[in-house]
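Step one of this worksheet: look at the structure below.
Just so you know, these numbers come straight off a predicted model, no measurement behind them.
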Amino acid sequence: MRVLVTGGAGFIGAHIVSALNARGHQPVVLDALLPAAHPRPPALPDAELVRGDVRDAEAVRAVLRGVDAVCHQAAMVGLGKDFADAPGYVGCNDLGTAVLLAGMAEAGIGRLVLAGSMVVYGEGRYECPRDGAVRPGPREVADLEAGRFEPRCPRCGAELVPGLVDEDAPVDPRNVYATTKLAQEHLAASWARCVDGRAVALRYHNVYGPGMPRDTPYAGVASFFRSALARGEAPRVFEDGAQRRDFVHVRDVAAANAVALEAVGGRAAGSLAAYNTGSGEPHTIGEMARALARAHGGPDPVVTGEFRLGDVRHITADSRRLRAELGWRPEVGFAEGVTEFAHAAQRASAASPQPA
């Protein structure tokens, strides 16, 4: 297939291009190469590259000619700094997706794989010893300031046991980025119904690996830790470090995209299917920081007790549906992936120190 990969010069996109090439497809990259993400020319992917913004209808219309399927990765990512980032997130993520889907509808392209995110769930799954499965509300500032990080049962106040969240869990986005990622899924589902298209949303968990951007407030927590170690500093771990996450290697995520692109054509027309895309092995944020520090040979992490409003306490994936229905399996284990990442090169970001 000839596959358009939006954002294909970015961290995950570039790995997807490599995975598509390895499987005999013909990737075409559309990337704006915005200075905030690419302050210096990146190592370009092995594919035809069109420099253009996914929000530019003319650029999208031109690059879609001759394309069989679209893998939509272009997005503004991460929690951001504060609500002042909201217009940027909505413009990049939701307007960009709407322009792309309108172009696909005009061009008669009916296959889409969308980069989704686990953030659409808000908090993960919790069990109360008395009340069973419950959904705690957003954590209170007073509790966070007092170091009470664990959410309590909203009915009886008891301690909760975190578990794996599956795709049937209610969505509850708790920050601007999460809201835009859910809106992307709704837009894709509407497109699929209108044009009898077929769409898959891969809800990524915490993706890490070679080529992550460094020194940026918009990267994932693994990148924060690796950036600190590259500067010779101790990784700073927020809260108490016991937050549970599912760290999934970028090559496994790229493989999931390639598998989904091949399988989406066999799905029922007019539908969107969402799949959690995680390793299936929960680890705490503190574990990631310690493992990276040991592998890198840098200073031990510092647990700061700081917090960010909009962060959730625990969110870990149940990825069995993706494995059962599409046959995908993660191949890079946590120890192997972290050791590689500890010594891998990172991408420059707008906040990275400039070379002499």
Polar side-chain atom of Ser223 near backbone of Pro213 as donor-acceptor pair, under 3.5 Å: yes
Nearest heavy-atom neighbours spanning Ala295 and Ala342: CB-CB, 3.5 Å
Heavy atoms of other groups near Glu331 CD, more than 12 under 6.0 Å: no
Met76 vs Thr180, side-chain contact (heavy atoms from CB on, under 4.5 Å): CA-CA, chis, key distance, verdict: CA-CA 10 Å; Met76 187 172 175; Thr180 65; over 6 Å; no
Nearest atoms (heavy-atom pairs only) where Leu187 meets Ala98: CD1-N, 4.3 Å
Heavy-atom donor-acceptor pair, His15 side chain to Pro210 backbone, under 3.5 Å: yes
CD (Glu325) with more than 12 external heavy atoms under 6.0 Å: yes
Shared hydrophobic cluster for Phe247 and Val332 (ILVMFWY, side-chain gaps under 4.5 Å): no
Sidechain-backbone polar pair: Lys181 side chain, Val176 backbone, donor-acceptor under 3.5 Å: no
Cluster link Leu95 to Leu64, ILVMFWY, side chain under 4.5 Å: yes
Side chain proximity check, Gln73 to Ile16, heavy atoms < 4.5 angstrom: yes
His72 to Leu114 - nearest heavy-atom pair and separation: CD2-CD1, 3.6 Å
Derivation and outcome, salt bridge (charged side-chain N to carboxylate O under 4.0 Å, His left out), residues Glu123 and Arg313: CA-CA 7 Å; Glu123 287 286 353; Arg313 179 62 174 173; over 6 Å; no
Met212 and Val207, any side-chain heavy atoms less than 4.5 Å apart: no
Donor-acceptor side-chain pairing of Thr97 and Gln184 below 3.5 angstrom: yes
Salt-bridge contact Asp318-Arg323 (side-chain N to carboxylate O under 4.0 Å): no
Side-chain donor/acceptor of Thr316 to backbone N/O of Gly163, under 3.5 Å: yes
Nearest heavy-atom neighbours spanning Val120 and Ala178: CG1-O, 4.2 Å
Ser319 side chain to Gly278 backbone, donor-acceptor under 3.5 Å: yes
Positive for side chain to side chain contact (heavy atoms under 4.5 Å, CB included) with Val171, one of Leu182, Val119, Thr179: Leu182
Heavy-atom side-chain contact between Val70 and Val3 under 4.5 Å: no
Nearest atoms (heavy-atom pairs only) where Tyr275 meets Val200: CD1-CG1, 3.7 Å
Separation of Ile109 CD1 from Arg65 CZ (nearest 0.5 Å): 11.0 Å
Heavy-atom donor-acceptor pair, Arg226 side chain to Phe341 backbone, under 3.5 Å: yes
Contact summary for Gly52 and Leu30, nearest pair of heavy atoms: O-CD1, 3.5 Å
Any Cys71 side-chain heavy atom under 4.5 Å of Leu261 side chain: yes
From SG (Cys92) to CG (Leu34), nearest 0.5 Å: 6.5 Å
Side chains of Val253 and Arg251 in contact at under 4.5 Å (non-hydrogen atoms): no
Co-membership, hydrophobic cluster, residues Tyr126 and Val165, 4.5 Å side-chain: no
Basic-acidic side-chain contact under 4.0 Å: Glu239, Arg148: no
Side-chain (Arg139) to main-chain (Leu144) donor-acceptor, under 3.5 angstrom: no
Sub-6.0 Å ring centroid separation between His283 and Phe334: yes
Enclosure of Asp131 CG (heavy-atom neighbours >12, cutoff 6.0 Å): yes
Within-4.5 Å side-chain heavy-atom neighbours: Val338 and Met288: yes
Pair Arg236 + Glu306: basic N to acidic O under 4.0 Å: yes
Under-4.0 Å salt bridge between Arg245 and Glu281: no
Approximate separation, where rounding is to 0.5 Å, of Arg23 CZ and Met1 CE: 9.5 Å
Side-chain ion pair, Arg203 and Glu185, N-O less than 4.0 Å: yes
For Tyr204, the option from Asp246, Asn276, Asn257 that meets side-chain hydrogen bond (donor to acceptor under 3.5 Å, both in side chains): Asn257
Pair Asp94 + Arg55, salt bridge at N-O below 4.0 Å: no
Interatomic spacing from CG in Leu322 to CD in Glu167 - rounded to 0.5 Å: 8.0 Å
ILVMFWY network linking Val28 to Val5, side-chain heavy atoms under 4.5 angstrom: no
Pair Arg125 + Glu127: basic N to acidic O under 4.0 Å: yes
More than 12 heavy atoms from other groups under 6.0 Å of CZ on Arg329: yes
Side-chain donor/acceptor of Asp53 to backbone N/O of Ala32, under 3.5 Å: no
Cluster overlap Val248 with Tyr208, hydrophobic side-chain contacts below 4.5 Å: yes
Worked verdict on Phe149 versus Asp143 for side-chain contact (heavy atoms from CB on, under 4.5 Å): CA-CA 7 Å; Phe149 301 121; Asp143 287 333; over 6 Å; no
Distance-only donor-acceptor check, side chains His249 and Glu336, under 3.5 Å: no
N/O donor-acceptor pair under 3.5 Å between Asn21 side chain and Asp46 backbone: yes
From CA spacing to verdict: side-chain contact (heavy atoms from CB on, under 4.5 Å), Trp191, Leu272: CA-CA 9 Å; Trp191 162 84; Leu272 178 141; over 6 Å; no
Side-chain heavy-atom pair Ser227, Gln346 within 4.5 angstrom cut-off: yes
side-chain contact (heavy atoms from CB on, under 4.5 Å) assessment of Leu112 paired with Met104: CA-CA 9 Å; Leu112 171 71; Met104 292 175 63; 4.1 Å; yes
Side-chain ion pair, Arg61 and Glu58, N-O less than 4.0 Å: yes
Check against salt bridge (charged side-chain N to carboxylate O under 4.0 Å, His left out), Glu287 and Arg244: CA-CA 9 Å; Glu287 284 180 289; Arg244 285 161 51 102; over 6 Å; no
Note, Trp328 side chain near Thr277 side chain (heavy atom, < 4.5 Å): yes
His25/Glu262 under side chain to side chain donor-acceptor pair (under 3.5 Å): CA gap, chis, key distance, verdict: CA-CA 10 Å; His25 299 295; Glu262 293 166 353; 2.8 Å; yes
